[in-house]
Structures are given as structure tokens and as C-alpha cells.
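All residue numbers in this chain count up from 1 along the given sequence.
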Amino acid sequence: MVDQLFKIFEVTQTLVDQTLMHPEAPHRHDYEKIIVSTAGQMDHYIDFKMERTSSPSVVFIPLGKIHYTMPTENARGWVIQFRAEFAPNSAFSTLSKLSETAYYPFSDADTMTRMVALCRVMKREFEIPSPDYDVIRHLLYALMAMIKSEHKKSLSTGLEEKTTQVIVFHNFLNILESQYRNSAGCQSYAEKLNISVRHLNTICHSVFGKSISEIIEARKLLEARQLLLQTSKTISEIGFELGYNEKSYFTRVFHKKTGLTPSEFRAASKRVSS
């Protein structure tokens, strides 16, 4: 739990040693988390799946994920934790919720130097007796904007084409947010954007690395996770609410994505929270 709206700390040798000696237990995030990794590697256990990330990189772990991190001996970096209301409509929130993680590797040393500089300024402001949280918030937004900008530069298509694709993709996400509970197919979304399914699919792959149907499925399963965690609705009720008319089909899709059935996910989440 994070009692404050915002918290930042450096990953030092002392912190790594403490973590390796006393690993944290899996816990459910009630905050957003950014890890700026400057050296070494980290293993992230997220919603019962393990992923290893290498430096230099940034990992964004959204609200509601069950998570713990295990660093390697030489891991270094910065950890920023903040509640959603501290930085509403953050640059990563929508995209990261549709992924297991938002992992941004960087090869440009200057990029990481500038990110670390922002982290240092945030930490200094945070540690003074009466920190100015408006200043910290602007610095946090600046860091997220920098990560987003540098990530765009690493993508293969031309800048002008990529900018257009990103705009269309975000329009698609806005429509998805209002329609994912119904049975609207790929054609319906493409028509609302006045483009072909093929073109929308190309954009989705270019910007996010997944097809239209995969993104729609990911949004449904994100909601399924939340309903399993936060309500007492039956598996059938949750599946039907999200457009899965058969419990068995909903269970198969959920298991394929998470490695657990909905019942197993609910039970495992309760054990973590108890």
C-alpha cells in the first residue's frame, strides 16, 4: 500500500541486497508504478506471469496488477509510485492496461541520462519538508512524455505516418472503451473510423503490436479480471456481461491469456489479498 499520493526512491545496492535477502510477496497494486532501470536486470511477476527486463529501459505497471519485482545483484534505477488521481489521464494508462506490461527498452544513453536527471529533481523536491506536489506532478508528466516520445522515435515507420497512425489508434481506443462489452466486431470499429478493417489492423500492429481482435479481447479480459477481483458475480455472469455467451468459451479464452481459469484466478487473487 502507498499511503501517499506520490513516492519516489532510488534502487541502490543496499535496497537490492535487502530485496534479495527478504523478497517481497506478491501484492495487488492500488497505485501506478514506473521503474526506470539504468543497470542490470529485473524479474517482474505480474498477474501470475514472470517477465525479465533488461537495462536501460522503463517498465510501467498499472493499477490493479498483482506484482512483485526481483532484481539482479547489479540492478540499479529508480522507482516511482503514484495514485491515479495524482496524475490522471497519464500517458501510459490506457495502453499499459491492454498489455501484461508496458516495457520500453532504450539504446540511447542520452535518453536515460535525461530521465535520470528528472528522477533526481523529483526526489529532491519530494524529500524537502514541504514538497510542492504541483511541481512533482509536472515533472512526472515530463518524464512520461519523454518516454513516450523516445519510444515513438524507435518505431520503424516515418514520423509523419506514425503520428497519423497514433491519432487513429487512440480514436480506436476511445471507441473501444464505450463498446467493448457488446459483441461489435472489427468491421464495426473500422466503419466508425471510416477506414477499412485491413488498414485499422495495420495501424494496430504498427502502434501496439497486436491485431484489432487481440486488442478487443485484451480489453474484455482486463474488465473480467476486475470483475473477478471486485465483485461476487459468478463466472457465467461475468462472461455474459462481456459478450461471451457460453461459460466454457469464456473460460477457455481467459485460460489461454492468463494461464489460469477464471475460478483459479479469483482464488489465487484472494490468497494474495488475505
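- Qualifying ring-ring contact (aromatic ring centres under 6.0 Å, His included) partners for Phe240, counting only residues two or more places apart in sequence or in other chains: none.
- Two rings, from Tyr133 and Phe6, have their centers 6.0 Å or more apart.
- Without hydrogens or angle criteria, Arg76 side chain to Thr38 main chain gives no donor-acceptor distance under 3.5 Å.
- The two residues Pro71 and Val16 make their nearest non-hydrogen contact at CG-CG1, 4.2 Å.
- Checking side-chain atoms of Thr72 against main-chain N and O of Gly40 turns up no donor-acceptor pair under 3.5 Å.
- Annotation: side chain of Arg219 is in contact with side chain of Leu222 (closest heavy-atom distance under 4.5 Å).
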Next item on the list: Evaluate side chain to side chain contact (heavy atoms under 4.5 Å, CB included) for Met42 paired with Val59, printing each intermediate quantity in order.
Entry: CA-CA 10 Å; Met42 295 188 185; Val59 174; over 6 Å; no
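- Taking Lys220 as the reference, nothing meets the salt bridge (Lys or Arg N to Asp or Glu O under 4.0 Å) condition, with sequence neighbours excluded.
- Counting all heavy atoms, side chain and backbone alike, Pro131 lies closest to Glu125 at CB-O, 3.0 Å.
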Check: For Lys123 and Trp78, what are the C-alpha separation, side-chain angles and deciding distance, and is it a side chain to side chain contact (heavy atoms under 4.5 Å, CB included)?
Finding: CA-CA 10 Å; Lys123 186 172 183 287; Trp78 296 81; 3.3 Å; yes
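- How far CD of Glu177 is from CD of Glu223: 8.5 Å, rounded to the nearest 0.5 Å.
- Phe172 CZ to Leu176 CG: the interatomic distance, rounded to the nearest 0.5 Å, is 5.0 Å.
- For the side chain to side chain donor-acceptor pair (under 3.5 Å) condition, the pairs that include at least one residue of residues 244-253, sequence neighbours left out, are Glu217-Tyr244.
- With hydrogens and angles left out, the side-chain atoms of Ser213 and Ser211 include a donor and acceptor closer than 3.5 Å.
- Between Tyr45 and Tyr68, the two ring planes are parallel [angle under 30°; tilted spans 30° to 60°].
- In this structure, Phe60 and Phe82 have tilted ring planes: the angle between them lies in the 30° to 60° band.
- For Ile235 against Ser263, the heavy-atom pair with the smallest separation is CG1-OG, 3.8 Å.
- Annotation: salt bridge (Lys or Arg N to Asp or Glu O under 4.0 Å) contacts of Glu241 (sequence neighbours excluded): Arg181, Lys233.
- Remark: side-chain polar atoms of Glu24 are paired, donor with acceptor, to backbone N or O of Thr69 under 3.5 angstrom.
- Taking all atoms of both residues into account, the shortest heavy-atom contact from Met115 to Ile147 is CE-CG1, 3.6 Å.
- Under the side chain to side chain donor-acceptor pair (under 3.5 Å) criterion, Glu85 pairs with no residue at all, not counting sequence neighbours.
- Nearest heavy-atom pair, Gly77 versus Glu10, reported as atom, atom and distance to 0.1 Å: O-CG, 3.4 Å.
- A donor-acceptor pair under 3.5 Å links the side-chain atoms of Arg137 to the main chain of Phe86, judged by distance alone.
- Counting all heavy atoms, side chain and backbone alike, Cys119 lies closest to Leu143 at SG-CD2, 4.4 Å.
- Side-chain polar atoms of Thr261 and His255 form no donor-acceptor pair below 3.5 angstrom.
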Which donor-acceptor pairs under 3.5 Å do side chains of residues 195-204 form with protein atoms, sequence neighbours excluded?
residue : atom : partner : partner atom : Å
Ser196  : OG   : His199  : N            : 3.0
Asn201  : OD1  : Ile212  : N            : 2.9
Thr202  : OG1  : Arg198  : O            : 3.0

